[in-house]
2 protein chains.
Amino acid sequence: MRIGEIARRSGVSVRALRYYEEQGLLVPGRSPGGQREYSQDAVQTVRAIQQLYAAGLSSRRVAELLPCMDTGTTTDHQRAMLKAERDRIRAQIKELTATLARLDELVDAADRRGS
Amino acid sequence: MRIGEIARRSGVSVRALRYYEEQGLLVPGRSPGGQREYSQDAVQTVRAIQQLYAAGLSSRRVAELLPCMDTGTTTDHQRAMLKAERDRIRAQIKELTATLARLDELVDAADRRGS
DNA sequence: CTAGAATCTCACGTGGACGTGAGGTGCAAG
DNA sequence: CTTGCACCTCACGTCCACGTGAGATTCTAG
């Protein structure tokens with residue numbers, strides 16, 4: 001598959017896919033003419049990248065963690081990073097939950113006055 | 001209180017506080033000599049700003065929502081924004097939870113192999 | 001064979017939340 | 001009165017995940 005179809009199927013821009021290659025996250029093959037050739041499971045990789053970005057990981061972290069998302073095998077270094085990121089995400093969820101509660105209070109108070 | 005003490009008490013930089021003023025989020029008074037004079041509850045406001053930033057809100061949104069975080073009263077526009085942001089945050093928590101589960105699986109699999 | 005998509009490689013632009021000097025002023029202490 | 005730290009105002013720099021042309025090449029349909 002060429003870059004345009006991967007872009008459509010995964011919902012990211014063509015530019016983003018080239019950027020991922022630049023960062024070493026998803027490096028496709030090349031056609032004789034020099035065009036990028038993606039395999040089927042590239043779509044899944046893109047989704048994983050997006051998911052990790054959304055969780056606040058940097059390109060560097062994603063590059064270090066993507067291999068074990070594919071293979072399921074981890075080095076000691078990767079396991080340490082995984083646990084660190086887990087903790088970060090857990091803390092983030094906790095804080096978001098608190099923020100949500102605070103906003104809920106505001107809305108509820110407004111609803112009560114409004115009724 | 002002057003800017004340095006607010007910075008220490010709230011854990012943000014002096015530059016950040018000046019930036020908040022620039023964005024209209026937290027506008028302190030001025031001493032005769034032109035120095036910023038913050039009230040006691042500025043610390044709480046700073047924490048609120050940080051919390052909203054951490055939840056992914058822009059300065060503009062924070063500026064629109066900070067008043068009702070203080071007073072507890074909301075306009076229709078603010079209530080609509082509150083509900084929209086709540087939904088966004090809820091979705092964000094959901095996605096983070098899924099990501100967390102995925103990382104947990106990886107760590108668990110690695111732990112089982114390691115034991 | 002040719003028109004026109006689609007893709008290619010530079011390479012500069014963007015937006016947001018500040019960081020970081022440069023050069024000048026306010027204020028409490030000795 | 002002066003030392004010296006905290007504060008002031010510009011104003012350019014930073015980081016990151018791309019956006020956005022410009023100009024050239026490749027691929028596909030007729």
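Per chain, numbering begins at 1; letters A, B, ... match sequence-line order.
Counting heavy-atom neighbours within 6.0 Å of R60(B) CZ, excluding the residue itself, gives a total of 12 or less. In D87(A), the CG atom is crowded: over 12 heavy atoms of neighbouring residues, nucleotides or ligands sit closer than 6.0 Å.
Distance CD (E22(B)) to C1' (dC10(D)): 11 Å, rounded to an integer number of Å. Rounded to an integer number of Å, the gap from I49(A) CD1 to dC18(D) C1' is 13 Å. One can place CG of L57(A) at 14 Å from C1' of dA17(D), the figure rounded to the nearest angstrom. Put simply, CD on Q23(A) is 10 Å from P on dC18(D), counting in whole angstrom units. Rounded to a whole Å, the CG atom of L25(B) is 13 Å from the P atom of dG16(C). Following rounding to the nearest Å, L52(A) (CG) and dC16(D) (C1') show an atom-to-atom distance of 16 Å. Straight-line distance from the CZ atom of R18(A) to the P atom of dT20(D): 14 Å, rounded to whole Å. Taking atom CZ of R60(B) as the reference point, atom P of dG16(C) lies 11 Å away to the nearest angstrom.
Each of I3(A) and G34(B) was matched to the nucleotide of DNA chain C holding its nearest heavy atom; the match closer to the 5' end belongs to I3(A). Mapping G33(A) and V14(A) onto DNA chain D by nearest heavy atom places V14(A) at the nucleotide closer to the 5' end. With DNA chain C read from its 5' end, the first of the two nearest nucleotides for Y19(B) and E21(A) is the one closest to E21(A).
At distances below 3.5 Å, at least one donor-acceptor pair connects side-chain atoms of Q78(B) with backbone N or O atoms of T75(B).
Nucleic acid contact for R30(A): sugar-phosphate only, since backbone atoms but no base atoms lie under 4.0 Å from a heavy atom of the residue. R2(B) comes within 4.0 angstrom of sugar-phosphate atoms only, judged by non-hydrogen atoms across all strands, and of no base. Within 4.0 Å (heavy atoms only), L17(A) reaches no atom of the nucleic acid at all.
For the residue pair E37(A)/S31(A), the side-chain donor-acceptor check at 3.5 Å is not satisfied.
Side-chain N/O atoms of S58(A) include none lying less than 4.0 angstrom from OP1 or OP2 on dC16(D). Neither OP1 nor OP2 of dG26(C) sits under 4.0 Å from any side-chain N or O of S31(B). Between Y20(A) and dC18(D) there is a side-chain polar atom (N or O) within less than 4.0 angstrom of OP1 or OP2. For S59(B) and dG16(C), the shortest distance from a side-chain N or O to OP1 or OP2 is not below 4.0 Å. Put simply, S13(B) has a side-chain N or O that comes within less than 4.0 Å of OP1 or OP2 on dG19(C). A close approach under 4.0 Å does not occur between any side-chain nitrogen or oxygen of R36(A) and OP1 or OP2 of dT7(C).
Among dT7(C), dG19(D), dC7(D), the nucleotide with an atom closest to any side-chain atom of Q35(A) is dT7(C).
One N or O donor and one acceptor, one from the side chain of R15(B) and one from the base of dT20(C), sit under 3.5 Å apart.
Just one residue in the list E85(B), Q51(B), R86(B) forms a side-chain hydrogen bond (donor to acceptor under 3.5 Å, both in side chains) with T99(A), and that residue is Q51(B).
Rounding to the nearest 0.5 angstrom, the gap separating the OH atom in Y20(B) from the CD atom in Q50(B) is 3.5 Å.
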